[in-house]
Amino acid sequence: MENIKLIVDSSSNMETNQAANLEVVPLTISFGRQDYIDNEQLNLKDFLTNMNSNRIAGKTTCPSIQTWLNALEGSEKAIIVTMTSGMSGTFSSALQAKAIYEEKHPDSQIVVVDSKSAGPELAIVIHGIEEMLQSEIRFVDLEEEIARFRMHTHLLFVLQSLHNLSLNGRVSPAVAKIAGLLKINLIGTASKEGKLEPLAKARGVKKAIREIIKYMEKDKYQGGEVIIDHCENEKDANTIKEKILANYPNAQVLIRPMHGLCSFYAEEGGIMVGFHE
């Protein structure tokens, strides 16, 4: 198939790859009276240090319409994959950019995909699209094929800290403090509606990892691609990888560090597992 640009936002924990015609558009994280652009120049260690000492609710800002337009510039055909519209205006701003770009460039064709997820599941979707582009599929059929592919991708996560969730009013400070003292981990998923949905609580990391494997099986995992993103927690990410490979030795399992946006939500110790069944 002809050259098609792929564009994804920074919640994917991916990096721009010009050789693959892939561009990552950054979101912005704000707390402690500072703005942090989630790109390759972000010093993650400083970011995490400042975040852990912060005591005021932070916020995230989606890419502007102009930022999307800049990424689209020069493209005749492009596919944009965004983080879930259930948590961010990123999908909406990308849709508006598509309309403006196609009006200015009537021969262009842009597809915008709401992943209904974040982190490694976005990367799984991008990898699926890359495989589709190697086939004989027509561009007009891609949107439907991507939707079919997404029916078989999933996201699970483990949170070891609820600090930011308490600051932003998602859980009470008392609950967050008790969870920290008792080493209670929150296991959750991205729902079909694109909301981050809690599934279970586990006391201790070992039990949390067992829960992740259990929920992967409930989601009909059968050895497909897995991407495990972690926030300063490669040890537990490797443990999950080992357990997956013990049951599915031929599975492709990749471990990556989280970037700024996912680190803001998952915090230190957090893990996100994206997979294709």
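Inter-residue side-chain proximity for Leu69 and Ile65 is flagged as met; some heavy-atom pair is nearer than 4.5 Å. The shortest side-chain heavy-atom distance between Glu143 and Val113 does not fall under the 4.5 Å cut-off. Between Val111 and Ile80, the closest side-chain pair of non-hydrogen atoms is not below 4.5 Å. Using a 4.5 Å heavy-atom cutoff, the side chains of Lys241 and Ile228 are in contact. Side-chain contact check for Leu72 versus Ile110: some heavy-atom pair is nearer than 4.5 Å. Using a 4.5 Å heavy-atom cutoff, the side chains of Leu44 and Phe47 are in contact. Looking at Ile79 and Phe139, their side chains come closer than 4.5 Å, going by heavy atoms from C-beta outward. Using a 4.5 Å heavy-atom threshold, the side chains of Pro257 and Glu232 count as separate.
Placement of Leu122 and Met132 within a single hydrophobic cluster is found when ILVMFWY residues are connected by side-chain heavy-atom separations under 4.5 Å, directly or transitively. By the rule that hydrophobic residues join a cluster once side-chain heavy atoms approach within less than 4.5 Å of another member, Tyr101 and Leu95 end up as members of one cluster. Ile227 and Phe149 fall within the same hydrophobic cluster, defined by Ile, Leu, Val, Met, Phe, Trp and Tyr side-chain heavy atoms under 4.5 Å apart, directly or through other members. Hydrophobic cluster membership is shared by Leu156 and Ile240, with clusters built from Ile, Leu, Val, Met, Phe, Trp and Tyr side chains linked at under 4.5 angstrom. No continuous path of hydrophobic side-chain contacts links Tyr265 to Ile37 [ILVMFWY only; heavy atoms under 4.5 Å].
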Working for side-chain contact (heavy atoms from CB on, under 4.5 Å), residues Thr84 and Lys195: CA-CA 8 Å; Thr84 174; Lys195 301 287 188 180; over 6 Å; no
Leu6 vs Glu130, side-chain contact (heavy atoms from CB on, under 4.5 Å): CA-CA, chis, key distance, verdict: CA-CA 9 Å; Leu6 299 179; Glu130 288 174 335; 3.6 Å; yes
Worked check of side-chain contact (heavy atoms from CB on, under 4.5 Å) between Ile4 and Asn21: CA-CA 7 Å; Ile4 296 170; Asn21 207 11; 5.9 Å; no
side-chain contact (heavy atoms from CB on, under 4.5 Å) evaluation trace for Glu277 with Met216: CA-CA 9 Å; Glu277 293 169 9; Met216 286 182 73; over 6 Å; no
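A pairwise comparison of heavy atoms in Leu186 and Lys201 identifies CD1-CG, 4.2 Å as the closest pair. Considering all non-hydrogen atoms of both residues, Leu22 and Val8 come closest at CD1-CG1, 4.1 Å. When all heavy atoms of Gly270 and Met258 are compared, the pair lying nearest together is O-CE, 3.5 Å. Here the closest non-hydrogen pair linking Glu267 and Cys231 is O-CB, 3.2 Å. When all heavy atoms of Met83 and Met87 are compared, the pair lying nearest together is CE-CB, 4.3 Å. Nearest heavy-atom pair across Val81 and Ser115 is CG1-CB, 4.2 Å.
Here the side chain of Ser92 pairs no donor or acceptor atom with the backbone of Gly89 at under 3.5 angstrom. Ser64 contributes a side-chain N or O that, together with a main-chain N or O of Thr67, makes up a donor-acceptor pair within less than 3.5 Å. In this structure, Asn54 contributes its side chain and Asn50 its backbone to no donor-acceptor pair below 3.5 Å. Remark: the backbone N or O of Ala71 is paired with a side-chain donor or acceptor of Lys5 at under 3.5 angstrom. Between the Thr189 side chain and the Leu155 main chain, a donor and an acceptor come within less than 3.5 Å of each other.
From Glu15, atom CD reaches atom CG of Asn39 across 10.5 Å, with rounding to the nearest 0.5 Å. Rounded to the nearest 0.5 Å, atoms CD1 (Ile271) and NZ (Lys235) are 11.0 Å apart. We find the CG-NE2 distance between Asn13 and His230 to be 10.0 Å, quoted to the nearest 0.5 Å. Considering CD1 of Ile209 and CD of Glu242, their distance stands at 9.5 Å, rounded to 0.5 Å. Here Tyr36 contributes atom OH and Leu261 contributes atom CG; the two are 14.5 Å apart, rounded to the nearest 0.5 Å. Expressed to the nearest 0.5 Å, how far CE of Met272 lies from OG of Ser117 amounts to 6.5 Å.
Between Phe275 and Tyr221, the ring-plane angle classifies as perpendicular under the 30° and 60° cut-offs.
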List, one per line, each side-chain donor-acceptor pair under 3.5 Å for residues 25-33, sequence neighbours excluded.
| residue | atom | partner | partner atom | Å |
| --- | --- | --- | --- | --- |
| Ser30 | OG | Asp35 | OD1 | 2.6 |

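Around NZ of Lys218, the count of heavy atoms belonging to other residues, nucleotides or ligands within 6.0 Å does not exceed 12. The local environment of CD in Glu131 is sparse, with at most 12 non-hydrogen atoms from other residues, nucleotides or ligands closer than 6.0 Å. When the shell of 6.0 Å around CD of Gln66 is examined, it contains more than 12 heavy atoms from other residues, nucleotides or ligands.
Using a 3.5 Å distance cut-off with no hydrogens or angles, the side chains of Glu225 and His276 do not pair a donor with an acceptor. Inspection of the Glu102 and Ser108 side chains reveals no N or O donor paired with an N or O acceptor under 3.5 Å. Side-chain contact, Asn52 with Glu268: a donor N or O sits under 3.5 Å from an acceptor N or O. Under the 3.5 Å distance criterion, with hydrogens and angles disregarded, a donor-acceptor pair is assigned to the side chains of Ser85 and Asp114.
A salt bridge links Lys214 and Glu211; the closest N-O separation between the charged side-chain nitrogens and carboxylate oxygens is under 4.0 Å.
Legend: side chain to side chain donor-acceptor pair (under 3.5 Å) pairs involving residues 249-261, not counting sequence neighbours, sorted by first then second residue: Asp229-Arg256.
Annotation for Met151: hydrophobic cluster partners, listed by chain and number, are none (ILVMFWY side-chain heavy atoms under 4.5 Å, direct or chained).
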